[in-house]
Number of protein chains: 2
Amino acid sequence: MSLRINADRLLSDLTHLSQIGAGQDGALWRIAGTKADRAGRDWLDKTMRVEGLHTYYDETGNVFSRRRNTTGPWLLIGSHADTVPAGGHLDGAYGVIAAMEVLRTLHEEGHPLADHVESVAWFDEEGVRPESAGGLVGSTALAGSAHAADLVGYLEIHIEQGRRMEKAGLNLAPVTGIVGVRRYQVSVSGQENHAGTTMWVDRQDAGRVAARIVAELKSIILAVDPKGIGNAGVISFGPGAANVVPGTASAELEIRASSDRALDGIEADLDATLSRIAAEENCAAELVRISAKPAAHFDQRVLSAVHEACLEKGRTDQLLSYAGHDASVISTRLPTAMMFVPSTGGFSHSNKEHTPDEQLVLGAQALLDAVLKVAPMLLEQEVGSPVALAA
Amino acid sequence: MSLRINADRLLSDLTHLSQIGAGQDGALWRIAGTKADRAGRDWLDKTMRVEGLHTYYDETGNVFSRRRNTTGPWLLIGSHADTVPAGGHLDGAYGVIAAMEVLRTLHEEGHPLADHVESVAWFDEEGVRPESAGGLVGSTALAGSAHAADLVGYLEIHIEQGRRMEKAGLNLAPVTGIVGVRRYQVSVSGQENHAGTTMWVDRQDAGRVAARIVAELKSIILAVDPKGIGNAGVISFGPGAANVVPGTASAELEIRASSDRALDGIEADLDATLSRIAAEENCAAELVRISAKPAAHFDQRVLSAVHEACLEKGRTDQLLSYAGHDASVISTRLPTAMMFVPSTGGFSHSNKEHTPDEQLVLGAQALLDAVLKVAPMLLEQEVGSPVALAA
């Protein structure tokens, strides 16, 4: 089990992919469905084909590769090939190239597990197109497809997109699950009025209600879940004049927490606080949930194996993912886990995305080592015989 | 001194003026400089001319009337003839018609003071046109004109545009002065970031700064001036997406207080609080004053006489005006005071503006009675002889 990935090939492939759809400043525009996105997937497909692997697009646009003439079952590994507008060169792309590198290493070395690993580049994770708001398009299609029955599990490596690992000095981290995300529309209705002649006591200031709930969002979340996160990214007052007391106001709130139960608790407190503030300001207010992604909890056995693979490379610590990933959807159908490499400065969704080469190489190697642990375990469960898979 | 105004003429003239520039719903569109505004002023001019009075437009567009062949000095009485878009039929118009009614009564009765009273319909008080933002155009021009030297003082009656009188059961109220008004632009600069992967401690959330200062505006004002008022009518977060931590935010704040000293105190506290909040949120913030109207304090002797005239009609109480009026500008040049009649429901700048007829009549009578007290006092001071003015 001293298989080594090819570090030069990994880095050179990443560089190549980072030139497809790049703007002048290096930011990437491989938005799902665009020509650049298609060119990227075509290049991934071709790259695996020239290595003698079998490649194919499914009807959604996901790109798969595996050894020719194998019958499965397979452990699926991969990530997504699309980017946000002006995105970075590692978000998604790193996990795709790392998975391809793992499969190629197994294939070249003639490792018996090579017949039981499939790599994937997911279509449209980011959900930038209006018709795919929410994203996770390719993985959602796979989770509901017949092909899922041929798979025994899923592993994904991704950049952290935050600063926790960098601050803690970690090179690798197993990921325990993915936060649930809920979005709400706050709509407040008061009474538009003269901002000079309307005394405080006579006001129905919808703007104050919106500002106060935005200001309290953080403490509401932390009181329920110390690991919870949230955001108020959108706000507006109507009619929007300096000398008119706002008669209407709206805001968009987002909450993220480690369990659906925590999300329920935050939602209830948010609703109660909004009602209290609205009553204090003589307004009517409504909290409407406009989207909800459930929290994902990864498979304990797969997670333990991934943790072991990370530990072999040094100090590590299990992390919760605050961003959504294809692994979240796939985990509803297959035993799944993820691992992170650090993001320098925490930058993501920008041309400032960066992870040092050594960490990128270490991550791909850890993914290979995790595959070597996880695949036998899941395949044994599936086919009932460990012998056929021994090296 | 038992002169009575003509209640029927007062109400019928008000009705007539309320039809010039009216929309289907009765809301008025006599925005300064429009055809409807000009038609309104032309009708006021004609109405006084047919009564045998001398009328004239000054170069700004203010419409004056007084007795023919008089040489002054005059006590000026009046209000403005223009409206906001979809405004009400009493804001300005009532004070104009009431002043005309007072002058006509004195004129018809052959009262010696009739030679020393001039009525005015001010041009463009509201400041709706972009080129006259801030308004008070006609009165500002008059205050700086040669004609001001021919005037001994100024009285104005206006609807309250708030609910204080209605709630206190007052029919008439002398006005002690007009709040000073300052407007500020709050600009906050933070760091736009991923709303999931950026932990609270790593955020520079410009939106939280803007929301928190808006939420604290009321308590900051009240701590300095219990009579202070304020408003946050405009707010926005950039880039404005539910899943992006706002990197920029802006808001417009307005404060109103009874003295410039109070405004200074509120401004200092606002600035200090904004700095503290910005520091807590790791952001930079700026409070920029974009406009300032000083507080007006009316002439004590004129105010006392007006108070007496109000008291003769029943219970009364001195009020501070929270809305701007032409009297504010004129008070910097001439001894000035105002009086209010109630606004039913506090509505103004809308077609819901209403004051019961009896109160409109009572107000115009009180204005006449105030003129009979104020004019001799100010004229005696000016011409040095009370005899010529006796009835």
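For clarity, every value in this text was computed on a predicted model and none was experimentally measured.
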Worksheet item: Who are the side-chain hydrogen bond (donor to acceptor under 3.5 Å, both in side chains) partners of A:Ser79, not counting sequence neighbours?
Response: A:Glu156
Would you say [Y] and [X] are linked by a side-chain donor-acceptor pair, where the criterion is simply a distance under 3.5 Å?
X	Y	value
A:Asn351	A:His89	no
A:Thr176	A:Gln318	no
A:Asn193	B:His349	no
A:Tyr184	A:Glu267	yes
B:His80	B:Asp124	no
A:Gln161	B:Thr197	no

Leading residue by heavy atom contact count with chain A [cutoff under 4.5 Å; candidates [options]]:
options	value
B:Met199, B:Arg163, B:His194	B:Met199
B:Leu253, B:Asp202, B:Val214	B:Asp202
B:Ala210, B:Ala232, B:Gly207	B:Ala232

Practice prompt. Taking the side chain as every heavy atom from C-beta outward, state whether A:Arg212 and A:Leu274 have any atom pair closer than 4.5 Å.
Written response: no
Practice prompt. Flag the pair B:Met338 / B:Phe298 as yes when at least one side-chain heavy-atom distance between them is below 4.5 Å, and no otherwise.
Written response: yes
Checking heavy atoms, do the side chain of [X], its backbone, both or neither come under 4.5 Å from chain B?
X	value
A:Val201	side chain
A:Ile221	side chain
A:Thr198	backbone
A:Lys227	neither
A:Leu222	side chain

For chain B, which candidate among [options] shows the most heavy-atom pairs at distances under 4.5 Å?
options	value
A:Gly324, A:Ala211, A:Gly162, A:Ser321	A:Ala211
A:Glu254, A:Glu160, A:Arg164, A:Glu216	A:Glu254
A:Tyr322, A:Phe347, A:Trp200	A:Trp200

Fill in: Residues of residues 237-248 of chain B near chain A, each having a heavy atom less than 4.5 Å away
B:Phe237, B:Gly240, B:Ala241, B:Ala242, B:Asn243, B:Val244, B:Val245, B:Pro246
Worksheet item: Among A:Val179, A:Leu217, A:Val224, A:Val181, whose side chain to side chain contact (heavy atoms under 4.5 Å, CB included) with A:Ile255 holds?
Response: A:Leu217
Discussion item. I'd like to know if the side chain of A:Asn231 and the backbone of B:Ala195 have a donor-acceptor N/O pair within less than 3.5 Å.
Written reply: no
